[in-house]
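For reference, the structure is listed below as structure tokens.
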Amino acid sequence: MNKAKILIVEKENAEAINIKNTILGFGYEVINIVSNYTDTLKVIDMKIPDIITMDINLENGEDGIELAKEIQKLKNIPIIYLTTCDDDETMSRAIETNPISYLLKPINKNELKSALLLAMFKINRSNQLIIDKRCTPLGFDYYFDMETQSLFFKTTPIKLSVKERKLLSILVEAKGSPVSFYEIEYIIWPQSQVTNGAIRTLVYRLRAKLEHKLIEAVPPQGFKLTPVF
């Protein structure tokens, strides 16, 4: 299973390094450390984290709670506040963003570990609900959500490129029937011509993220999903 990806939003460099080392010690991946609105939103745009640890007093007087609200407009990412703010007004504002936890500095490692475990439990439960309600089972514990073009292995999301998502959608919609090279080219590259070799390369990239038996070549026609529908 992939390691959970954590983004640390923290103004103080020494504190950020301490949080990073603690999280790495728990076996998670830290994708970046940032200290302000702009950098946080840039990182999220490039690579969506599973969890965010959020300081409240950020660089240039920015407010972590307001940043959390902006993030939630884009994506529902679990947030753990790590802060020195212990006044009722700040805590009440933070609670409105429905965080996983609100931890006071200096950070207690056991409390942070518990908060991260709770966040992962909620992520997996949410993913399981999506799988149960919306997803098409592909076999070998893989599931595909046609609505969002999201692929899961058990409850773990698998990152796909835009073209990989389109290709898998075409194959799932075909329900085990062969999809021709022409159909794949027409849907994925509507404005340009591509070679069969380019299509095969895309298929092989997708197969690498799945159980390889799920996608079969149908010479000379094209490809199909192993029928498990």
Side-chain angles (χ1 to χ4, degrees), residues 1-10 15-35 39-56 58 64-65 67-83 91 94-138 140-145 147-161 165 209-211:
M1 181 178 291
N2 296 333
K3 293 181 180 179
K5 301 181 292 294
I6 316 295
L7 173 62
I8 298 171
V9 185
E10 170 61 52
E15 184 68 29
I17 296 301
N18 179 52
I19 294 168
K20 175 182 177 179
N21 290 336
T22 299
I23 290 174
L24 292 176
F26 296 151
Y28 299 103
E29 175 188 352
V30 174
I31 63 170
N32 214 323
I33 297 173
V34 290
S35 58
D39 290 344
T40 301
L41 296 177
K42 281 182 180 178
V43 170
I44 292 173
D45 184 56
M46 291 185 294
K47 187 174 184 179
I48 297 174
D50 296 306
I51 304 166
I52 297 173
T53 65
M54 179 74 73
D55 192 7
I56 290 179
L58 300 178
I65 298 173
L67 175 55
K69 291 178 181 179
E70 290 302 309
I71 292 168
Q72 289 172 342
K73 292 176 184 177
L74 303 172
K75 187 76 175 177
N76 184 24
I77 303 172
I79 290 175
I80 299 170
Y81 288 108
L82 307 179
T83 180
M91 287 190 282
I95 287 170
E96 291 177 0
T97 64
N98 193 29
I100 294 294
S101 191
Y102 188 101
L103 303 181
L104 293 175
K105 300 175 182 175
I107 300 304
N108 179 293
K109 289 185 178 181
N110 288 332
E111 289 181 350
L112 179 55
K113 185 176 184 179
S114 296
L116 290 168
L117 288 171
L118 177 59
M120 290 307 302
F121 171 78
K122 289 189 174 183
I123 291 169
N124 288 333
R125 185 177 63 180
S126 176
N127 289 343
Q128 187 63 59
L129 288 172
I130 291 172
I131 289 168
D132 291 343
K133 289 182 178 180
R134 297 204 310 246
C135 286
T136 300
L138 305 182
F140 301 97
D141 290 324
Y142 286 92
Y143 301 86
F144 189 65
D145 181 356
E147 183 177 325
T148 61
Q149 295 188 335
S150 301
L151 175 67
F152 296 88
F153 175 67
K154 297 183 178 178
T155 59
T156 302
I158 305 297
K159 186 175 181 180
L160 300 177
S161 69
R165 290 199 301 269
K209 298 180 180 181
L210 291 161
E211 166 59 46

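Nothing fancy with the numbering, it's 1 onward along the sequence. Predicted model only: the values in this text are computed from it and were never measured. Side chains are part of it too, since the values below use all heavy atoms of this structure and drop only hydrogens, waters and symmetry mates.
Distance CG/L103 to OH/Y81: 12.0 Å, rounded to 0.5 Å. For the atom pair CD1 (I44) and NZ (K75), the distance works out to 11.0 Å, reported to the nearest 0.5 Å. Distance check: L116 CG to F26 CZ gives 6.5 Å after rounding to the nearest 0.5 Å. Put simply, CD1 on I31 and NZ on K47 are 6.0 Å apart, with the number rounded to the nearest 0.5 Å. Taking CG of L7 as the start and CD of E29 as the end, the distance is 11.5 Å to the nearest 0.5 Å. For the atom pair CD1 of I80 and CE of M54, the computed distance is 11.5 Å after rounding to the nearest 0.5 Å.
Judged purely by atom type and a 3.5 angstrom limit, R165 uses its side chain to pair as donor or acceptor with the backbone of L160. Judged purely by atom type and a 3.5 angstrom limit, D50 uses its side chain to pair as donor or acceptor with the backbone of K5. For the pair K69 (side chain) and T97 (backbone), a donor-acceptor distance under 3.5 Å is absent.
Atom CG of D141 has more than 12 neighbouring heavy atoms from other residues, nucleotides or ligands inside a 6.0 Å radius. By the neighbour-count criterion of 12 heavy atoms within 6.0 Å, atom NZ of K113 is sparsely surrounded, having that number or fewer from other residues, nucleotides or ligands. For K42, the NZ atom sits in a loose shell: 12 or fewer heavy atoms of surrounding residues, nucleotides or ligands are nearer than 6.0 Å.
Between I107 and E15, some side-chain heavy-atom pair lies under the 4.5 Å cut-off. Counting only heavy atoms from C-beta outward, the side chains of L151 and L138 approach each other to under 4.5 Å. The closest side-chain heavy-atom distance from T155 to I130 is not below 4.5 Å.
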> Do T40 and L58 pass the side chain to side chain contact (heavy atoms under 4.5 Å, CB included) test, and can you show the C-alpha distance, the side-chain angles, and the key distance before you say yes or no?
Replying inline: CA-CA 11 Å; T40 301; L58 300 178; 5.8 Å; no

> What do the steps show when you test R134 against T148 for side chain to side chain contact (heavy atoms under 4.5 Å, CB included), and what is the final call?
Replying inline: CA-CA 10 Å; R134 297 204 310 246; T148 61; 3.7 Å; yes

> Are Q128 and D132 close enough, and set up right, to give a side chain to side chain donor-acceptor pair (under 3.5 Å), and what steps lead you there?
Replying inline: CA-CA 6 Å; Q128 187 63 59; D132 291 343; 2.9 Å; yes

> side chain to side chain contact (heavy atoms under 4.5 Å, CB included) between I100 and F121: does it pass, once the steps are laid out?
Replying inline: CA-CA 11 Å; I100 294 294; F121 171 78; over 6 Å; no

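S101 and A115 make their closest contact through CB-CB, 3.8 Å (heavy atoms, listed as atom of the first residue, atom of the second, distance). Closest approach of I158 and F152 over heavy atoms only: CG1-C, 4.2 Å. Shortest non-hydrogen contact noted between E211 and Y142 is N-CE1, 3.4 Å.
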What pairs of donor and acceptor atoms, side-chain ones from residues 16-23 against any protein atom, are under 3.5 angstrom apart with sequence neighbours left out?
from, atom 1, to, atom 2, distance (Å)
N21, ND2, I17, O, 3.3
T22, OG1, N18, O, 2.9

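For Y143, the ring pair (Phe, Tyr, Trp, His ring centres under 6.0 Å) test picks out no residue, with sequence neighbours left out.
The side-chain contact (heavy atoms from CB on, under 4.5 Å) with I79 is formed by just one residue from the set T53, I52, I51, I65; it is I52.
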